[in-house]
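Computed from a predicted structure; not experimentally measured. Just so it is clear, the values below take in all heavy atoms, side chains as well, and ignore hydrogens, waters and symmetry mates.
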Amino acid sequence: IVLGSLAVLITAVMFIRVGALLLFDSSGLYFAITAAGYPIPLNRFIGSDKPKKAKKEKSRKTPEKAKKKPEKKSKLPPINKLLPIILEIPGKLSRKLTVNEFYVNLTVGGDTFTAAMMSGLISELIGILLPIADKLIRIKRSHIVISPNFAAEHSELKFRGRISISIGALLRIALSALMKYLKIRKEMKNGQASSGRTDGNDDEENPRDGRREYHRGSAHSDA
(Lines give C-alpha, C1' and ligand atoms only; values in the text may rest on other atoms or scores of the structure.)
Protein backbone atom coordinates (compact mmCIF):
# COMPACT_ATOMS: atom_id res chain seq x y z
CA ILE A 1 0.00 0.00 0.00
CA VAL A 2 2.83 2.38 0.90
CA LEU A 3 4.67 1.78 -2.37
CA GLY A 4 1.46 2.15 -4.35
CA SER A 5 0.62 5.43 -2.63
CA LEU A 6 4.15 6.69 -3.21
CA ALA A 7 3.97 5.80 -6.91
CA VAL A 8 0.65 7.63 -7.27
CA LEU A 9 2.08 10.67 -5.47
CA ILE A 10 5.18 10.78 -7.68
CA THR A 11 3.04 10.44 -10.81
CA ALA A 12 0.80 13.28 -9.65
CA VAL A 13 3.82 15.50 -8.95
CA MET A 14 5.20 14.83 -12.44
CA PHE A 15 2.01 16.25 -13.99
CA ILE A 16 2.11 19.47 -11.92
CA ARG A 17 2.87 22.42 -14.15
CA VAL A 18 5.28 25.15 -13.13
CA GLY A 19 5.98 28.35 -14.96
CA ALA A 20 6.15 32.12 -14.80
CA LEU A 21 3.72 35.05 -14.83
CA LEU A 22 4.71 38.45 -16.20
CA LEU A 23 2.62 41.64 -16.00
CA PHE A 24 3.58 45.05 -17.31
CA ASP A 25 1.68 48.34 -17.45
CA SER A 26 2.13 51.98 -16.49
CA SER A 27 2.49 50.99 -12.81
CA GLY A 28 5.60 48.93 -13.47
CA LEU A 29 6.68 45.32 -13.79
CA TYR A 30 5.39 42.32 -11.86
CA PHE A 31 6.98 38.87 -12.02
CA ALA A 32 5.96 35.66 -10.26
CA ILE A 33 6.70 31.94 -10.40
CA THR A 34 3.60 29.78 -10.80
CA ALA A 35 3.01 26.28 -9.46
CA ALA A 36 -0.21 24.46 -10.39
CA GLY A 37 -1.65 27.80 -11.53
CA TYR A 38 -0.96 29.65 -8.26
CA PRO A 39 1.48 32.58 -8.46
CA ILE A 40 4.38 32.90 -6.03
CA PRO A 41 5.38 36.59 -6.27
CA LEU A 42 9.08 37.36 -6.44
CA ASN A 43 8.69 41.11 -6.63
CA ARG A 44 5.91 43.67 -6.47
CA PHE A 45 5.16 46.32 -9.02
CA ILE A 46 8.32 48.27 -9.55
CA GLY A 47 7.43 51.88 -10.30
CA SER A 48 9.78 54.65 -11.27
CA ASP A 49 8.31 57.02 -8.66
CA LYS A 50 9.51 55.05 -5.61
CA PRO A 51 12.30 56.73 -3.67
CA LYS A 52 15.56 54.90 -3.76
CA LYS A 53 17.33 54.11 -0.52
CA ALA A 54 20.62 55.86 -0.06
CA LYS A 55 23.52 53.50 -0.07
CA LYS A 56 25.88 53.64 2.86
CA GLU A 57 29.36 54.66 1.95
CA LYS A 58 31.84 51.98 2.82
CA SER A 59 35.13 52.97 4.35
CA ARG A 60 37.89 52.74 1.85
CA LYS A 61 40.59 50.33 2.80
CA THR A 62 43.91 49.93 1.19
CA PRO A 63 43.79 46.81 -0.93
CA GLU A 64 46.00 44.04 0.37
CA LYS A 65 48.15 42.10 -1.97
CA ALA A 66 46.32 38.96 -2.84
CA LYS A 67 48.29 35.78 -2.51
CA LYS A 68 48.61 33.90 -5.71
CA LYS A 69 46.94 30.55 -5.50
CA PRO A 70 48.01 27.68 -7.67
CA GLU A 71 45.82 27.49 -10.75
CA LYS A 72 43.64 24.44 -10.90
CA LYS A 73 43.16 22.72 -14.19
CA SER A 74 39.56 22.77 -15.39
CA LYS A 75 37.97 19.36 -15.51
CA LEU A 76 35.08 20.53 -17.69
CA PRO A 77 34.84 19.13 -21.22
CA PRO A 78 35.78 21.49 -24.07
CA ILE A 79 33.13 23.91 -25.29
CA ASN A 80 32.84 22.24 -28.71
CA LYS A 81 31.50 19.11 -26.96
CA LEU A 82 29.24 20.97 -24.51
CA LEU A 83 27.74 23.31 -27.11
CA PRO A 84 25.53 20.69 -28.85
CA ILE A 85 24.03 19.71 -25.47
CA ILE A 86 23.34 23.36 -24.59
CA LEU A 87 21.84 24.21 -27.99
CA GLU A 88 19.36 21.34 -28.02
CA ILE A 89 17.80 22.34 -24.66
CA PRO A 90 15.80 25.35 -26.05
CA GLY A 91 14.35 23.16 -28.82
CA LYS A 92 13.20 20.53 -26.34
CA LEU A 93 11.74 23.20 -24.04
CA SER A 94 9.81 24.84 -26.86
CA ARG A 95 8.12 21.53 -27.72
CA LYS A 96 7.01 21.01 -24.10
CA LEU A 97 6.32 24.64 -23.16
CA THR A 98 2.79 26.06 -23.20
CA VAL A 99 1.83 29.74 -23.38
CA ASN A 100 -1.35 29.82 -21.33
CA GLU A 101 -1.98 33.55 -21.72
CA PHE A 102 -0.58 36.16 -24.07
CA TYR A 103 -2.36 39.51 -23.94
CA VAL A 104 -0.94 42.70 -25.47
CA ASN A 105 -2.60 46.10 -25.62
CA LEU A 106 -0.47 48.76 -27.30
CA THR A 107 -1.70 52.30 -27.80
CA VAL A 108 0.59 54.23 -30.13
CA GLY A 109 0.74 57.95 -29.37
CA GLY A 110 2.21 60.93 -31.18
CA ASP A 111 1.12 63.00 -34.13
CA THR A 112 -1.48 61.70 -36.55
CA PHE A 113 0.92 60.50 -39.25
CA THR A 114 3.42 58.84 -36.90
CA ALA A 115 0.78 57.10 -34.76
CA ALA A 116 -1.06 55.72 -37.79
CA MET A 117 2.11 54.57 -39.57
CA MET A 118 3.68 52.94 -36.49
CA SER A 119 0.48 51.12 -35.48
CA GLY A 120 0.13 49.76 -39.01
CA LEU A 121 3.74 48.56 -39.15
CA ILE A 122 3.55 46.88 -35.74
CA SER A 123 0.27 45.16 -36.68
CA GLU A 124 1.83 43.82 -39.90
CA LEU A 125 4.91 42.60 -38.03
CA ILE A 126 2.85 40.78 -35.40
CA GLY A 127 0.71 39.23 -38.13
CA ILE A 128 3.89 37.73 -39.62
CA LEU A 129 5.54 36.60 -36.39
CA LEU A 130 2.52 35.17 -34.56
CA PRO A 131 1.92 32.18 -36.94
CA ILE A 132 5.64 31.33 -36.74
CA ALA A 133 5.58 31.45 -32.94
CA ASP A 134 2.43 29.30 -32.90
CA LYS A 135 4.29 26.56 -34.77
CA LEU A 136 7.22 26.62 -32.38
CA ILE A 137 5.33 27.00 -29.08
CA ARG A 138 1.85 25.92 -28.11
CA ILE A 139 -0.26 29.05 -27.48
CA LYS A 140 -3.61 28.50 -25.77
CA ARG A 141 -5.00 32.03 -25.49
CA SER A 142 -3.73 35.17 -27.17
CA HIS A 143 -5.26 38.60 -27.67
CA ILE A 144 -3.30 41.44 -29.29
CA VAL A 145 -4.66 44.93 -29.85
CA ILE A 146 -2.63 47.63 -31.62
CA SER A 147 -4.35 50.99 -31.99
CA PRO A 148 -3.28 54.61 -32.55
CA ASN A 149 -4.15 57.35 -30.07
CA PHE A 150 -3.84 60.72 -31.72
CA ALA A 151 -4.60 62.58 -28.48
CA ALA A 152 -1.74 61.00 -26.51
CA GLU A 153 1.83 62.23 -26.72
CA HIS A 154 3.39 58.93 -25.64
CA SER A 155 2.64 55.29 -26.34
CA GLU A 156 1.29 52.99 -23.65
CA LEU A 157 1.84 49.24 -23.37
CA LYS A 158 -0.04 46.69 -21.28
CA PHE A 159 1.17 43.11 -21.28
CA ARG A 160 0.19 39.90 -19.54
CA GLY A 161 1.90 36.58 -20.21
CA ARG A 162 1.93 33.21 -18.47
CA ILE A 163 3.92 30.15 -19.52
CA SER A 164 4.03 26.67 -17.97
CA ILE A 165 5.68 23.27 -18.31
CA SER A 166 5.19 20.02 -16.43
CA ILE A 167 7.73 18.91 -13.82
CA GLY A 168 8.04 15.56 -15.58
CA ALA A 169 9.05 17.23 -18.86
CA LEU A 170 11.63 19.37 -17.07
CA LEU A 171 13.15 16.31 -15.36
CA ARG A 172 13.33 14.37 -18.65
CA ILE A 173 15.13 17.24 -20.37
CA ALA A 174 17.52 17.68 -17.43
CA LEU A 175 18.27 13.94 -17.20
CA SER A 176 18.89 13.71 -20.95
CA ALA A 177 21.41 16.57 -20.80
CA LEU A 178 23.05 15.08 -17.69
CA MET A 179 23.47 11.64 -19.28
CA LYS A 180 25.12 13.15 -22.37
CA TYR A 181 27.42 15.22 -20.16
CA LEU A 182 28.46 12.16 -18.11
CA LYS A 183 29.08 10.24 -21.34
CA ILE A 184 31.48 12.96 -22.51
CA ARG A 185 33.26 12.94 -19.13
CA LYS A 186 33.65 9.15 -19.32
CA GLU A 187 35.09 9.36 -22.83
CA MET A 188 37.57 12.00 -21.66
CA LYS A 189 38.71 9.82 -18.72
CA ASN A 190 39.10 6.77 -20.96
CA GLY A 191 41.12 8.83 -23.44
CA GLN A 192 43.42 10.14 -20.72
CA ALA A 193 43.92 6.65 -19.29
CA SER A 194 44.76 5.14 -22.68
CA SER A 195 47.23 7.96 -23.47
CA GLY A 196 48.89 7.43 -20.08
CA ARG A 197 49.38 3.73 -20.73
CA THR A 198 50.81 4.42 -24.18
CA ASP A 199 53.35 6.93 -22.83
CA GLY A 200 54.47 4.48 -20.13
CA ASN A 201 55.05 1.63 -22.59
CA ASP A 202 57.20 3.82 -24.83
CA ASP A 203 59.66 4.58 -21.99
CA GLU A 204 60.06 0.99 -20.78
CA GLU A 205 62.75 -1.26 -22.20
CA ASN A 206 61.74 -4.51 -23.78
CA PRO A 207 63.76 -7.22 -22.05
CA ARG A 208 63.04 -9.70 -24.82
CA ASP A 209 64.61 -7.39 -27.41
CA GLY A 210 67.62 -6.98 -25.10
CA ARG A 211 68.12 -10.72 -24.85
CA ARG A 212 68.05 -11.01 -28.63
CA GLU A 213 70.73 -8.34 -29.01
CA TYR A 214 72.85 -10.06 -26.35
CA HIS A 215 72.71 -13.48 -28.02
CA ARG A 216 73.49 -12.00 -31.38
CA GLY A 217 76.45 -10.16 -29.93
CA SER A 218 77.85 -13.26 -28.18
CA ALA A 219 77.50 -15.41 -31.30
CA HIS A 220 79.42 -12.83 -33.34
CA SER A 221 82.27 -12.65 -30.85
CA ASP A 222 82.67 -16.48 -30.70
CA ALA A 223 82.98 -16.62 -34.44
Strictly by ring pair (Phe, Tyr, Trp, His ring centres under 6.0 Å), give each pair with a member in residues 133-170 just once, sequence neighbours left out. F102-F159

Is there a side-chain contact between I167 and V18 in this structure, where contact means two heavy atoms from C-beta onward sitting under 4.5 Å apart? yes

I want to check something: taking the side chain as every heavy atom from C-beta on, are K186 and L182 in contact at a cut-off of under 4.5 Å? no

Is there a side-chain contact between T34 and I40 in this structure, where contact means two heavy atoms from C-beta onward sitting under 4.5 Å apart? no

Is it true that E187 and K81 make a salt bridge, defined as a side-chain N closer than 4.0 Å to a carboxylate O? no

Considering all heavy atoms of both residues, which atom of G110 and which atom of A115 are nearest to each other, and what is their separation? O-CB, 4.4 Å

All heavy atoms of P39 vs all of A32, minimum pair found to be CB-CB, 4.1 Å

If every non-hydrogen atom of S123 is compared with every non-hydrogen atom of I146, which pair is closest and at what distance? OG-CB, 3.4 Å

All pairs passing side chain to side chain donor-acceptor pair (under 3.5 Å) where residues 162-172 contributes a residue, at least two apart: R17-S164, N100-S164

Hydrophobic clusters here meaning ILVMFWY residues chained together by side-chain heavy-atom distances under 4.5 Å, can you tell me if I10 and V13 are in one? yes

For N149 and V108: C-alpha separation, side-chain torsions, deciding distance, then whether side-chain contact (heavy atoms from CB on, under 4.5 Å) applies. CA-CA 6 Å; N149 188 357; V108 183; over 6 Å; no

Going from OH on Y30 to CG on L21, what distance comes out if it is rounded to the nearest 0.5 angstrom? 6.5 Å

Report yes or no: do K158 and S26 form a side-chain donor-acceptor pair below 3.5 Å? no

My understanding is that only one of I163, V99, T98 makes a side chain to side chain contact (heavy atoms under 4.5 Å, CB included) with R138; could you say which? T98

Going only through I, L, V, M, F, W and Y residues with side-chain contacts under 4.5 Å, is there a path from L157 to Y103? no

L171 reachable from F15 in the ILVMFWY side-chain graph, under 4.5 Å edges: no

In the hydrophobic clustering (ILVMFWY, side-chain contacts below 4.5 Å, transitive), which residues join L87, or is it alone? L83

For S119 and S147, which heavy atoms make the closest approach, and how far apart are they? CB-C, 4.3 Å

Treating Ile, Leu, Val, Met, Phe, Trp and Tyr as nodes and any side-chain heavy-atom pair under 4.5 angstrom as an edge, say whether L22 and V145 lie in one connected cluster. no

Can you tell me if NZ on K96 sees more than 12 non-hydrogen neighbours from other groups inside 6.0 Å? no

Reported CE-to-CG distance for the pair M118 and D111, which is rounded to 0.5 angstrom: 11.5 Å

What about F24 and I33, same hydrophobic cluster or not, with Ile/Leu/Val/Met/Phe/Trp/Tyr joined at side-chain heavy-atom distances under 4.5 Å? yes

d(I16 CD1, T11 OG1) to nearest 0.5 Å is 11.5 Å

Nearest 0.5 Å please: distance from the CE atom of M14 over to the CG atom of L170. 10.5 Å

Rounded to the nearest 0.5 Å, the CD1 atom of I86 sits from the CG atom of L82 at a distance of 5.5 Å

Evaluate whether atom CD of E156 has more than 12 neighbouring non-hydrogen atoms of other residues, nucleotides or ligands under 6.0 angstrom away. yes

Drop me the distance from S176's OG to E88's CD, to the nearest 0.5 angstrom. 5.5 Å

